[in-house]
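Inspection log for the structure reproduced underneath, given as structure tokens.
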Amino acid sequence: MDKLPKILFLSSLVIGIYSYGLISSSYSLFPYPQILEAINSVKLVYGSFVGNDKILYSESSHDDEGWGAGKVASNHVAEGLILLVGINENRKNMIRVIDRAGNVIHDLSVGWFDIWDKSEGNFPNGWRPKSPPGALLHGIDLLPNGDYVVNFEHLSTMRLNLCGQVIWKLDNQGHHSVHVAEDGTIWVPAENYHAKGPTGFRNHHAPLRSWTLQNISPEGEILKTIPVIDVLRKNDLEGLLYLSTLNNTRTGVKGDTLHLNDIEIFPSHLSSSVFKPGDIMFSLRNINTVIVMDPKSHKIKFRSTGDVLRQHDPDFMDGDVISIFDNRNLRPAPGKHFSRIVEINARTSKKRTVVHGAKDAKFFTDIMGTHQRLPNGNILINSSTEGRLLETLPNGRLVWSYENRLSNGKNGRLTMGMLLPPHMDADFFARQKQQCH
């Protein structure tokens with residue numbers, strides 16, 4: 001009996017704490033937002049920054065014929081050098097150019113701490129890398145003179161010359177794809193992170209990642225920033241904003257609700273009955289949606305929702321067709337997993353699978369992934385988490401493969417693989433290298 005008051009007190013305390021926990025999580029009261037922010041920061045650092053071996057490496061699931069580079073059918077392989085972005089032998093970010101035999105033509109290591117020191121930049125609390133080697137290099141495109149525009153994932157967009165010297169850098173939280181449009185300006189996904197307080201968006205609670213379409217000049221000036229949430233609201237598509245809510249009485253959402261991962265501008269040399277030069281296409285991974293909108297009015301011209309699963313890298317093709325890297329992440333599930341390349345006709349809404357990742361060209365990457373339609377009609381596929389590049393015929397038959405195999409027997413992750421234009425040959429990089437001394 002002497003212990004009864006203590007037992008009752010402790011029981012009421014536990015019940016009170018539990019009840020307040022439920023209320024604070026439902027209404028985003030203290031300390032729920034602060035705890036969630038800390039958890040999200042840890043997840044971001046662990047999942048996106050270099051240092052996590054699950055991000056850096058993968059076990060190769062293929063036999064020795066996939067070691068390095070090897071032409072499967074050389075007479076069908078597109079001509080030109082290949083640009084790689086990924087993890088090298090020294091656990092560092094690399095920008096590397098190889099020929100089809102795997103010989104290294106140009107090699108550059110890009111390190112966060114070589115570009116940003118501890119006193120520079122205005123980054124969200126807890127996001128700045130604390131120790132080498134730093135952040136994952138994710139997203140790249142080339143300017144006409146050969147300069148690279150790249151992203152340190154979720155942190156920074158920057159322009160480097162081929163010697164690795166910084167031309168400019170931004171603390172814009174740029175990430176994922178980089179697209180150089182034909183007018184010379186640069187488009188990147190970026191974000192505004194709301195750690196606490198009002199977000200400015202109805203029923204969107206902190207912590208919130210508000211994704212933006214960002215247009216940057218070749219000189220590094222931010223010309224335009226378009227919040228994706230505003231685009232969906234303006235087009236009366238609020239239903240897409242709240243897909244992550246599971247509550248029947250409230251539609252509040254928070255965190256990474258959309259996940260913008262690609263932007264591309266429709267060029268003037270293509271023709272279409274649906275699209276016009278300057279139209280903006282973007283990919284929202286977390287709601288399985290690809291959108292094309294008018295660049296001035298932001299009116300949506302085309303939308304595909306649910307045709308692909310956690311997709312990356314939609315590309316315009318000639319006519320009304322859009323080609324998409326469909327990650328098709330159904331893990332965990334019985335049987336073998338595979339990604340694929342699909343095409344969607346924007347006029348008819350018909351979809352077809354071009355490369356089936358469970359057949360001749362076997363590949364699967366649960367996140368990331370890119371593809372490129374080559375001048376000869378082939379498709380270059382970057383299976384990022386596997387650290388593999390594949391080139392297939394238009395019918396999906398494999399004609400060339402490359403593995404970023406390291407001495408530890410694992411493959412280093414590849415965030416990008418692309419065929420370079422003809423003028424960027426070995427002589428081009430040799431001339432550029434001479435200017436690095």
Side-chain angles (χ1 to χ4, degrees), residues 43-72 82-113 129 131-140 150-153 176 310 312-313 325 327-333 335-339 357-358 361-371 380-392 398 400-418:
K43 285 182 177 179
L44 181 68
V45 171
Y46 184 76
S48 297
F49 294 167
V50 176
N52 173 10
D53 280 1
K54 291 183 179 179
I55 292 295
L56 296 180
Y57 307 120
S58 70
E59 298 286 349
S60 177
S61 59
H62 306 276
D63 57 30
D64 285 341
E65 76 170 336
W67 175 277
K71 294 179 181 178
V72 178
I82 300 292
L83 175 71
L84 307 173
V85 180
I87 298 300
N88 66 13
E89 189 70 36
N90 300 314
R91 296 173 61 92
K92 293 184 178 179
N93 292 295
M94 69 176 184
I95 301 175
R96 178 174 294 169
V97 177
I98 63 170
D99 63 20
R100 290 310 186 99
N103 299 309
V104 177
I105 305 299
H106 175 75
D107 201 15
L108 181 66
S109 283
V110 181
W112 170 266
F113 296 99
S131 60
L136 188 67
L137 205 64
H138 190 181
I140 189 169
V150 295
N151 290 321
F152 275 126
E153 188 169 32
H176 283 74
R310 297 181 72 81
H312 286 76
D313 192 29
F325 191 108
N327 291 74
R328 200 179 176 274
N329 183 6
L330 293 174
R331 180 187 289 169
K336 292 186 176 180
H337 311 288
F338 65 89
S339 302
K362 293 180 173 61
F363 67 99
F364 173 72
T365 178
D366 53 354
I367 59 172
M368 301 184 181
T370 60
H371 74 303
L380 185 67
I381 299 169
N382 170 35
S383 187
S384 292
T385 59
E386 293 183 310
R388 301 172 59 228
L389 284 183
L390 313 169
E391 183 176 338
T392 74
L398 183 66
W400 180 81
S401 64
Y402 174 85
E403 295 202 18
N404 184 31
R405 190 73 62 86
L406 308 179
S407 61
N408 61 7
K410 298 182 179 182
N411 287 358
R413 175 162 298 197
L414 292 175
T415 58
M416 173 62 79
M418 61 186 294

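Quick note: numbers below take in every heavy atom, side chains included, and nothing from hydrogens, waters or symmetry partners.
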### Query
In Å, rounded to the nearest 0.5 Å, how long is the span from CG of D107 to CZ of R96?
4.0 Å
### Message
I need the minimum non-hydrogen distance between E391 and L398, along with the two atoms involved.
### Response
O-CD1, 3.6 Å
### Trace of the side-chain contact (heavy atoms from CB on, under 4.5 Å) decision for E386 with N404
CA-CA 9 Å; E386 293 183 310; N404 184 31; over 6 Å; no
### Task
Under the side-chain contact (heavy atoms from CB on, under 4.5 Å) rule, collect the residues that match up with T365, sequence neighbours excluded.
F325, N327, S339, S383, S384, T385
### Message
Quick one, L84 and L389 - any side-chain contact, counting heavy atoms below 4.5 Å?
### Response
yes
### Message
Treating N93 as the side-chain partner and A135 as the backbone partner, does any N or O pair qualify as donor plus acceptor under 3.5 Å?
### Response
yes
### Message
Going by the rule side chain to side chain donor-acceptor pair (under 3.5 Å), which residues pair with D366 if we only count those two or more places apart in sequence or in a different chain?
### Response
R331
### Task
Return the set of residues passing salt bridge (charged side-chain N to carboxylate O under 4.0 Å, His left out) with R328 (not counting sequence neighbours), or none when no residue passes.
none
#### Entry: Rounded distance [0.5 Å steps], CZ in F364 versus CG in L330
7.5 Å
### Query
Just by modelled atom types, is the T370 backbone N or O under 3.5 Å from a matching donor or acceptor in the H312 side chain?
no
#### Entry: Student check: side-chain heavy atoms of I82 and L380 closer than 4.5 Å
yes
### Message
Please evaluate residues L136 and T415 with respect to the criterion side-chain contact (heavy atoms from CB on, under 4.5 Å), reporting the C-alpha separation (whole Å), side-chain torsions for both, the decisive distance (0.1 Å), and the verdict.
### Response
CA-CA 9 Å; L136 188 67; T415 58; 4.2 Å; yes
### Interatomic spacing from CG in N382 to CZ in R388 - rounded to 0.5 Å
10.5 Å
### Message
How long is the straight-line distance from CG of L390 back to CD of E403, given to the nearest 0.5 Å?
### Response
8.5 Å
### Query
Can you tell me if N90 uses its side chain to pair, donor with acceptor, with the backbone of K92 under 3.5 Å?
no
### Query
For the side chain of W112 and the backbone of P129, is there at least one donor-acceptor N/O pair under 3.5 Å apart?
no
### pair M416-V150: side-chain heavy atoms closer than 4.5 Å
no
## Note on the structure
NE2 (H176) and NE2 (H138) are apart, to the nearest 0.5 Å, by 4.5 Å
### Check: V110 and F152 side chains under 4.5 Å, non-hydrogen atoms
yes
### Query
Which value, rounded to the nearest 0.5 Å, describes the distance between I105 atom CD1 and L83 atom CG?
12.5 Å
